[in-house]
Colleague: 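Structure below; questions to follow.
Please read these numbers as outputs of a predicted model, since none were measured by experiment. Counting starts at 1 for both ligands and their atoms, in listed order.
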Amino acid sequence: MTIAENLERIKANIDNIEQKYNRAAGSVKLIAVSKRKPASAILEAINHGQMDFGENYLQEAIDKIESIKQQGIIWHFIGPIQSNKTTTIAKNFDWVHTVDRIKIARRLNDARPTHKSPLNICIQINISNETSKSGIKLTDADSFVKALGEFKQLNIRGLMALPAPEQDFEKQRQPFAELQSLMIRLQKFAPSIDTLSIGTTQDMQAAIAEGATMVRIGTAIFGERD
Ligand SMILES: *Cc1c(COP(=O)(O)O)cnc(C)c1O
């Protein structure tokens with residue numbers, strides 16, 4: 001299967017799942033996760049109309065961003081953020097999905113060039129606590145969102161999570177459902193929130209069923225990583 005064929009299949013899949021779960025057509029955006037894949041793979045996806053790309057490792061991402069000159073590509077940072085890397089992230093990316101510390105948010109805000117639109121950010125939620133140190137607790141989300149209000153160069157768009165891998169569909173849905181209710185609650189006082197960044201190759205259908213507005217798909221587009 002080529003990258004182009006994979007993209008076709010996944011987009012058709014997303015359309016079908018949207019219908020099945022009464023989601024508006026076109027309400028789920030596909031982020032192509034290109035970590036550990038060469039710029040040539042990204043270019044192939046671009047040539048097939050893909051514009052949103054997710055990267056985890058900063059230096060690798062910058063090399064690719066600098067080598068790909070096409071206009072209009074939207075770069076999403078989805079990896080862990082080291083505080084000494086915030087300037088590079090704020091200058092080169094359009095979205096950051098993994099904000100989980102106020103200190104990092106402040107640094108991203110201060111480093112975001114004022115001639116650019118505010119940096120779109122998602123707050124990473126540690127939804128299945130045992131698997132990862134990344135992300136804030138669900139119960140800390142209200143105060144975290146309120147604290148972000150002072151950062152004028154950040155646009156608080158929503159929530160991101162990467163739950164522990166789970167095979168069973170109903171079990172996959174459960175953490176996503178909790179995130180969806182959290183998002184609806186936060187929207188009452190943070191009207192810029194419109195994004196739920198959940199779902200990977202393994203659990204895309206469950207994520208869309210529970211309100212994903214962005215799915216982050218790597219393997220199903222670009223193949224297994226080394
Ligand atoms: C690698 C990665 C993905 C994509 O995972 P696949 O299983 O390859 O689709 C999505 N989100 C994050 C945060 C990742 O690190």
Side-chain angles (χ1 to χ4, degrees), residues 1-14 17 28-39 41-42 44-45 48 50-62 64-65 74-82 85 89 93-101 104 108 119-136 138 157-169 171-173 175-176 179 183 195-226:
M1 284 285 228
T2 64
I3 289 170
E5 287 168 331
N6 288 339
L7 277 170
E8 278 303 312
R9 191 188 64 247
I10 292 157
K11 281 190 275 189
N13 236 334
I14 290 174
I17 302 169
V28 180
K29 183 181 282 285
L30 173 61
I31 314 295
V33 176
S34 42
K35 65 178 176 215
R36 298 285 187 247
K37 297 292 174 182
I42 297 178
E44 197 177 333
H48 211 72
Q50 179 64 28
M51 298 297 270
D52 288 84
F53 293 89
E55 289 280 345
N56 296 58
Y57 308 107
L58 189 58
Q59 192 50 55
E60 180 197 322
I62 298 300
K64 289 185 246 179
I65 291 171
I74 301 167
W75 295 102
H76 299 253
F77 191 77
I78 63 169
I81 307 170
Q82 291 172 266
K85 301 292 168 57
I89 294 172
F93 285 83
D94 304 291
W95 284 74
V96 178
H97 290 234
T98 44
V99 173
D100 64 358
R101 281 174 286 162
I104 294 288
L108 290 170
L119 184 63
N120 295 296
I121 66 159
C122 293
I123 300 159
Q124 185 171 0
I125 306 291
N126 188 350
I127 193 76
S128 15
N129 299 328
E130 75 285 3
T131 51
S132 154
K133 294 189 293 291
S134 300
I136 66 168
L138 197 117
R157 298 297 296 272
L159 305 176
M160 178 274 200
L162 188 64
E166 178 60 65
Q167 298 306 315
D168 180 74
F169 181 68
K171 286 186 184 153
Q172 288 179 350
R173 282 184 74 156
F176 293 147
L179 290 159
M183 170 168 155
T195 300
L196 199 49
S197 169
I198 50 175
T200 64
T201 296
Q202 289 310 314
D203 52 17
M204 181 178 90
Q205 176 155 341
I208 295 173
E210 296 297 347
T213 67
M214 288 183 174
V215 290
R216 307 179 311 267
I217 308 296
T219 309
I221 298 174
F222 297 110
E224 296 286 343
R225 291 174 291 271
D226 296 333

Colleague: Which bit of Asn56 gets closer than 4.0 Å to ligand 1, counting heavy atoms only: side chain, backbone, both or neither?
Modeller: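 The side chain, only.
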
Colleague: Is there a donor-acceptor contact under 3.5 Å from the side chain of Gln124 to the main chain of Ala161?
Modeller: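 Looks like no, no N/O pair under 3.5 Å.
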
Colleague: Which residue and atom name correspond to the protein heavy atom nearest atom 9 (O) of ligand 1, and how close is it?
Modeller: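 Checking every protein heavy atom, the shortest distance to atom 9 (O) of ligand 1 gives Thr201 OG1, 2.5 Å.
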
Colleague: Evaluating non-hydrogen atoms only, which member of Glu55, Lys35, Arg225 is closest to atom 15 (O) of ligand 1?
Modeller: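 Answer by nearest heavy atom: Lys35.
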
Colleague: Note the single closest protein heavy atom to atom 12 (C) of ligand 1, along with its residue, its atom name and the distance in Å.
Modeller: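 Closest protein heavy atom to atom 12 (C) of ligand 1: Ile78 CD1, 3.7 Å.
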
Colleague: Considering only heavy atoms of Ile217, which atoms of ligand 1 have at least one such atom less than 4.0 Å away?
Modeller: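 This gives 9 (O) as the contact atoms.
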
Colleague: With the side chain counted from C-beta on, respond yes when Ile217 and Val33 share a heavy-atom pair under 4.5 Å apart, and no when they do not.
Modeller: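 The answer is no, as the side chains (C-beta and beyond) never meet within the 4.5 Å cut-off.
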
Colleague: Please state which option from Ile221, Thr219, Asp203 has its nearest heavy atom closest to atom 7 (O) of ligand 1.
Modeller: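 The residue whose heavy atom sits nearest atom 7 (O) of ligand 1 is Thr219.
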
Colleague: Which residue, Arg216, Lys37, Arg36, Lys64, forms the salt bridge (charged side-chain N to carboxylate O under 4.0 Å, His left out) with Glu55?
Modeller: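 Output: one option passes, namely Lys64.
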
Colleague: For atom 11 (N) of ligand 1, grab the closest protein heavy atom and report residue, atom and distance to one decimal in Å.
Modeller: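 Looking at atom 11 (N) of ligand 1, the protein heavy atom closest to it is Arg216 NE, 2.9 Å.
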
Colleague: Quick one: nearest non-hydrogen protein atom to atom 5 (O) of ligand 1, plus distance?
Modeller: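 Answer, as residue, atom name and distance: Thr200 CB, 3.9 Å.
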
Colleague: Side-chain contact, heavy-atom cut-off 4.5 Å: Ile123 with Met160?
Modeller: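 Result no, sub-4.5 Å side-chain heavy-atom pair not found.
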
Colleague: Look only at interatomic distance and state if Gly218 has a nitrogen or oxygen under 3.5 Å from any nitrogen or oxygen of ligand 1.
Modeller: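 The answer is yes, given that Gly218 and ligand 1 share an N or O pair closer than 3.5 Å.
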
Colleague: Give the minimum heavy-atom separation between Thr98 and Ile78, together with the two atoms involved.
Modeller: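 Heavy atoms only, the tightest pair is CG2-O, 3.3 Å.
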
Colleague: If every non-hydrogen atom of Thr195 is compared with every non-hydrogen atom of Thr213, which pair is closest and at what distance?
Modeller: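 Looking at all heavy atoms of both residues, the closest pair is CA-OG1, 3.3 Å.
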
Colleague: Check the pair Asp52 / His76 against side-chain hydrogen bond (donor to acceptor under 3.5 Å, both in side chains), numbers first and verdict last.
Modeller: CA-CA 7 Å; Asp52 288 84; His76 299 253; 2.7 Å; yes

Colleague: Which ligand 1 atoms, with their elements, are less than 4.0 angstrom from a heavy-atom of Met160?
Modeller: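 Listed by number with element, the hits are 13 (C).
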
